[in-house]
Amino acid sequence: GFDLQRATNLEIKTAQEVTLNPQLAIGAASASVDVTETAPGVQLAKSSATIERTFQNKVFADIPFLNPATGFRDLTQIALLAPTAARATGSTGTSINGQRARNNNFMIDGVDNNDPMVTIASIRVIPEAVAEFQVQSSPYSAEFGRSSGGQISLVTKSGTNEFHGEVFDFYRANFLDAMNLLNKRAGLRENPRFVNHQAGASFGGPAIRNRTFFFGLLEANRFRQAPDARNATATVIPTAAGFQALRNVPLGPDQTAESRQAMLSALGFLDQIYAGNPGFTGLRTTSVNGVAIPVGTIQIPIATNANLWYAVGRVDHALTSRDSLNYRYLIDDRNQPFTTSNLRFGPLFAGDSIIRRQNHMLSHTRSQSARLVNEFRFSYSDNVLTGTDPNPKMPTVSITGAFLFGGATSFPQGRKQSQYQFQDTLTYTVGRHSLRLGGNVSLVKLFNDAAFDSKGTWTFDSLQEYMNNRAATLRIAL
């Protein structure tokens, strides 16, 4: 007879068709071949030419994938382990197939997770919420034809017939990091104190055994730090002696004493800066009406604390032996003070970043027969982003070759966007062929409140022109 062959523990991964090619051979009754699992690494699917890398939860649950721009865990960083993936030049994103970091397509449970304004991932996803992570490099099938870069897909965890729970705390602190060059240049001798707790809990199990399952997770992310030079923006200002000298500079042509006093009064905030004893570098002088004014470059460390909440809830229900229903909800809530607008003078003109992103997904899968399967998905996402301005009525003043004070020209600002997505995919298997037909319709509504120059923006060609009250331009939105 034939040799006994047994294939066990076969995994059906995201966007993958598993092909098994057994070879029947005549052999002794005692000989057997067992296939227990697939070797990890880059895989070339036998049913298509797609090159992909799939990671199970244990891989990213044990490795702290940090986003270098935020310092928080970011699961999309795992894409760097995929074939043809590399860090994008001048970016913290991932370039796949030589494309820009903004040319990737991000999906959660098969639905969009893309920010349509800047074409990056929208909702932050933490490792404890994800069961599987997949990166498709090339050449992927037509259903993934949205972007020319990689297809980055996440599948959230679901409940099982057993109750499972988890409590976690990802901890970071200043004494665990090496001293960086920016803080050294700012005159600091050790890393500014910071503490970061990314703590939460999850729980899942059966609501009705063998039929209805649930999973829920909540994370609180708290980041507290002392002022840090890495958050500073370099700017050139008069030294304390230089500011005192400006009070005695001769008046400009046709300038009144009242005009000069108004210009000096607008710079009164510099006294607060000098009180902090900022370290000056690149000391030099600039001429203002024939008077040499000492100026230098400063970098004022700023503390950027953060309060982040993240939650996921999921319910899976078997309607019948042929029909299954799934609902999943995600929320990513962030409040980060002093992270936007004008950071040249510490928190004085800095704004807050407030973000709330939500995503709902409902799917229905029906197995019409052993050959015919239909899957329908609907998703709704809602994103609200706000950038505040601590001085919404104060105009922005830009002095060429020196500094800018007041809030940035594009603040305050905000953005509200919502997306409705409908997907349907019909798969039919006949003989050695698999045919797939489907459609994807998305409706995106976007309201972008970026009021450039809403407070008025004055531009002066030099510090001398500013002191003489001779503006080069004034831009104001009407």
Side-chain angles (χ1 to χ4, degrees), residues 41-42 50-55 59-60 63-108 112-127 130 133-140 144-154 172 177-186 191 228-235 297 299 302 304 306 332 334 336 339-344 353 355 357 383 385 387 404 408-410 413 415 448 450:
V42 180
T50 301
I51 299 175
E52 56 91 10
R53 187 82 185 268
T54 302
F55 304 89
V59 175
F60 45 79
I63 302 176
F65 290 94
L66 294 181
N67 186 318
T70 64
F72 302 134
R73 293 181 299 165
D74 182 0
L75 214 54
T76 61
Q77 300 296 305
I78 304 178
L80 290 168
L81 301 178
T84 75
R87 178 76 67 192
T89 303
S91 167
T92 58
T94 302
S95 169
I96 300 178
N97 294 330
Q99 300 292 309
R100 298 174 65 229
R102 293 188 174 186
N103 283 17
N104 297 321
N105 181 28
F106 298 90
M107 295 171 288
I108 301 179
D112 270 359
N113 184 37
N114 297 288
D115 187 322
M117 282 288 291
V118 290
T119 60
I120 60 175
S122 178
I123 287 185
R124 179 179 61 96
V125 182
I126 64 174
V130 177
F133 182 98
Q134 185 192 66
V135 182
Q136 297 188 44
S137 299
S138 65
Y140 30 81
F144 301 107
R146 182 184 185 277
S147 303
S148 59
Q151 308 297 319
I152 301 174
S153 180
L154 302 163
R172 294 179 63 227
D177 282 8
M179 187 70 174
N180 67 83
L181 183 59
L182 289 176
N183 281 328
K184 289 180 180 179
R185 288 179 174 175
N191 276 331
D228 193 321
R230 287 174 291 186
N231 306 325
T233 300
T235 191
T297 301
Q299 281 188 299
I302 184 172
T304 56
D332 180 12
R334 314 178 197 180
Q336 297 172 271
T339 55
T340 61
S341 193
N342 183 2
L343 305 180
R344 294 169 176 82
S353 175
I355 300 174
R357 302 181 189 269
N383 299 326
L385 298 84
L404 178 148
T409 59
S410 58
Q413 64 174 240
R415 173 157 55 100
N448 189 25

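The first residue of the sequence shown is numbered 1, and numbering continues consecutively from there. Everything quoted here is computed from the prediction, not taken from an experiment.
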Exercise. Within the distance-only criterion (no hydrogens, no angle test), does the side chain of Arg357 pair as donor or acceptor with the backbone N or O of Ser122 below 3.5 angstrom?
Worked result: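 Indeed, once roles are kept as given, a pair shorter than 3.5 Å links the two residues.
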Exercise. Distance-only, no hydrogens or angles: does the Ser137 side chain make a donor-acceptor pair with backbone N or O of Pro83 under 3.5 Å?
Worked result: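 A pair under 3.5 Å: yes.
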For this session: Measure the shortest side-chain to side-chain distance between Arg334 and Thr339 over non-hydrogen atoms and say whether it is less than 4.5 angstrom.
Result: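 In short, these two side chains do not touch, never coming nearer than 4.5 Å.
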Nearest-0.5 Å distance, [atom1] of residue [X] to [atom2] of residue [Y]:
X	Y	atom1	atom2	answer
Thr94	Leu80	OG1	CG	4.0 Å
Phe106	Asn114	CZ	CG	7.0 Å
Arg73	Arg172	CZ	CZ	11.5 Å
Leu154	Thr76	CG	OG1	8.5 Å
Thr233	Asn342	OG1	CG	7.5 Å
Asp115	Ile123	CG	CD1	11.0 Å

What is the minimum heavy-atom distance between [X] and [Y], and which atoms define it?
X	Y	result
Leu75	Ile126	CD2-O, 4.3 Å
Ser147	Asn103	CB-O, 3.0 Å
Ala178	Asn191	O-ND2, 3.0 Å
Asn231	Thr304	ND2-OG1, 3.3 Å
Asn104	Gly150	OD1-N, 2.8 Å
Arg53	Leu81	NH1-O, 3.0 Å

For this session: Step by step, work out the side-chain contact (heavy atoms from CB on, under 4.5 Å) result for Val135 and Ile96.
Result: CA-CA 10 Å; Val135 182; Ile96 300 178; 3.9 Å; yes
Exercise. Is the closest side-chain donor-acceptor distance between Gln151 and Ser153 under 3.5 Å?
Worked result: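 No.
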Exercise. Under 3.5 Å, is there a donor-acceptor pair between the Asn97 and Thr84 side chains?
Worked result: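 Yes.
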Problem set entry | Selection residues 87-107 - residue pairs positive for salt bridge (Lys or Arg N to Asp or Glu O under 4.0 Å), sequence neighbours left out |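 Listed once each, the pairs would be none.
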For this session: Output all residues satisfying salt bridge (charged side-chain N to carboxylate O under 4.0 Å, His left out) with Asp228, sequence neighbours left out; order by chain, then residue number.
Result: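 Testing Asp228 for salt bridge (charged side-chain N to carboxylate O under 4.0 Å, His left out), a comparison that skips the adjacent residues, returns Arg230.
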